[in-house]
Amino acid sequence: MFLELTEEQKLIQETARNFARSELEPLAAKLDREGDRPAFLANLKKLAELGFMGLNVQGEYGGSEAGVVAFSVAMTEIARACASTAVTVSVNNMVCEVIQAVGSQEQKEKYIPRICSGAYAAGSFALTETGAGSDPAGMTTTAVLDGDSWVLNGSKIFITSAPYAGVFVVWAVTDREAPKGKGISCFLVEQGTPGLVIGKQEEKTGQHASATNELVFDNCRIPKDALMGKLNDGFRIAVAELGGGRIGIGSLALGVGLAAMDYATRYSTERVQFGQKISSFQAIQWKIADSYTELEAARLLLMNAAFRKESGRPFAKEASMAKLYATEAANRACYNAVQMLGGYGYTADFPVERYARDVRITSIYEGTSEIQRVIIAREILKNIS
Amino acid sequence: MLVVVCIKQVPDTTQVQIDPVTNTLVREGIPFIVNPYDAHALEEALRLKDRFGFRVAALSMGPPNAEATLKKALALGVDEAILLSDRVFGGADTLATSRVLSEAIERLNQQEQVGIVICGKQTIDGDTAQVGPGIATRLGYTQLTLVDLIEKLDPQQGRITVRRKLEGRHEIVEAPLPVLLTVVREVNRPRYPTVPMRLESEAATVQVWSNQELQLDQNGIGLKGSPTWVSRIFSPQREKGEIVGDGAADPTGAAHLLIDRLVSRDLLVV
């Protein structure tokens, strides 16, 4: 048992931390309040050039080959400064990984380097539909083979990075007669394809800089070889790849939770009430103790899931446990942080209200806490009997 | 042409405290960083590499653990990293340090002609700003300190034009190569190492040169070769503040005066 990052992982963590502190943090409040897409995209480009978009991707496709643990610690550092940037980086990494896992040689050579290098600001993962959230197999978007092309019809919702993504990984029903989940396939759709319409951008509670849009496929025609992986194997691909994404989102939540507690803890050593620093009150000390304990537990769960994935072992249960626990612990930490700042915590003059808004979605997207529990219980119960 | 950049590993002085009893720096547990001015020197060298294709060698004198600093330089893209490390180099003042660094540069020059040496303006632990000029003097190079811009470089003609940031004014100077520059923070914004380069640099080798390689007279290096002794280190008494202008009568004028004052003291960059 050796609970220590390697020298390489520490170096990547340090690089991410330095970049996040100097380049992302100074911009985060402005991005949240007013938005500044050119500045947001410029930082994504820099992160790509530094190698953060394909941390667990092979070098031949422009990835950094740094592994899953390095990905996790980098996500946490980036999220400490800017959750919107972090979610984009997380999704980009996931898109690269899914193409690497199931794409054809041509698909890998064409798309992964573009995301890794920043030629594409982002890649998108288009699974969710209005009627298919926690139950993605209930999707209704269809893809019909017509001569040498597939024709897509339907719509997707809550698609991260849609306006500036270069490529979308899109799931659609290819066999309506098949049992549920057995007739879905996965496709790569390029931005600008006729019939692909970027719809309404959602007005969200937090993570404002990261665009979340509806996608509409209106007789969207893509080449026959845009199919990714095997026909009708799409649902299995989605389920497998979401596990990795969960490590990313859990790590992101940890970063936001730590940022909130670090801020509130420092504040508590300066704020004076009843003639003493509020950090001298046990009510505050317990919040600090509880939140840091939970965040540390979250970190260890994440490290365990990342390490299992990195070493090629099954990690679905561990990734769900880490995602469930880290996002809920981070939500509690942000709640505590606002409480510790009192009224000031509820104002935009201090960053903790932003952390509290940014963190809320983490226990919803990439599989809700409820779905994580379903997965965890299923993984446990299947081994009994 | 070879560009040599001299970098020093220093304790992060933002975290260093002075022991009030012994008047020495409390160094235990303080992380080491690349001297911030040297990070700008390194960036400037790498920009010359990007523009002209020069090779860049990074030099550092220090204990064996200074290897970490040179690995960071490798991660940023220097072609060669050399650590000058030997017990006999230890305890050196700026004179002895510049002797060792000059000799190392001379050795590099024998392999490939050195055109430009770049140093940070000063270190944040010693704060003397003497090592750069010391190297230039010893090597007989043109010495251009406090550079905030390389305006022009003509490798064919062997000439360089730089802007020097002096108190309250700039000076444009043209000089022949080889040249030693010391740079100020305004000269550039250092890049970040990429993840793949950082991973590569961990496995890369830093050459270590001891006095076996340099063959310097031991009386001129290390503690023996250092005529300067630091007798005491202490925190300066905090000076009283001053009132600038008349804020009530002329707030705009007072603000301008304050900004000028901050700029002239390097506390504010405009």
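Not measured: the values here are computed from a predicted model. The basis for the numbers below is simple: all heavy atoms, side chains too, and nothing from hydrogens, waters or symmetry mates. Chain naming here is simple, since letters A, B, ... match the order of the sequence lines and numbering starts at 1 in each.
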Q: For the CD atom on B:E167, are there more than 12 heavy atoms of other groups (residues, nucleotides or ligands in this structure) within a distance under 6.0 Å?
A: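 No, because the 6.0 Å sphere around CD of B:E167 holds 12 heavy atoms or fewer from other groups.
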Q: Could you pull out the closest heavy-atom pair between B:V195 and A:A66, with the gap in Å?
A: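 Heavy atoms only, the tightest pair is CG1-CB, 3.9 Å.
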Q: Would you find more than 12 non-hydrogen atoms of other residues, nucleotides or ligands less than 6.0 Å from A:Y164 atom OH?
A: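 Count over threshold, so yes.
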Q: What part of A:L55 gets within 4.5 angstrom of chain B, counting heavy atoms only: side chain, backbone, both, or neither?
A: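 Answer is side chain: those atoms of A:L55 sit under 4.5 Å from chain B.
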Q: Checking an interface table here. Which of residues 37-57 of chain B come within a heavy-atom distance under 4.5 Å of chain A?
A: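 Interface residues of residues 37-57 of chain B: none, nothing closer than 4.5 Å to chain A.
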Q: Please report the shortest heavy-atom distance between A:S64 and B:L199, naming the atom on each side.
A: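 It is O-CD1, 3.4 Å.
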Q: Would you say that more than 12 heavy atoms from the other residues, nucleotides or ligands in this model lie under 6.0 Å from the NE2 of B:H256, or not?
A: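 Atom NE2 in B:H256 is not crowded, with 12 or fewer foreign heavy atoms closer than 6.0 Å.
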Q: Among residues 78-100 of chain A, which residues come closer than 4.5 Å to chain B, judged by heavy atom distances?
A: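 Listed by number, there are no contacting residues, so the answer is none.
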Q: Show the nearest heavy-atom pair for residues A:G51 and B:P196, with the distance to one decimal.
A: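 Heavy atoms only, the tightest pair is CA-CD, 4.3 Å.
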Q: Measure distances from B:K72 to the heavy atoms of chain A and classify the residue's part below 4.5 Å as side chain, backbone, both or neither.
A: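 When you check distances to chain A, only side chain atoms of B:K72 fall under 4.5 Å.
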Q: Counting only non-hydrogen atoms closer than 4.5 Å, can you tell me which residues of residues 112-122 of chain A sit against chain B?
A: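 Not one residue of residues 112-122 of chain A has a heavy atom under 4.5 Å from chain B.
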Q: Sort by residue number and list every member of residues 2-18 of chain A having a non-hydrogen atom under 4.5 Å from chain B.
A: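 A:E7, A:E8, A:L11, A:I12, A:E14, A:T15, A:N18, listed by number.
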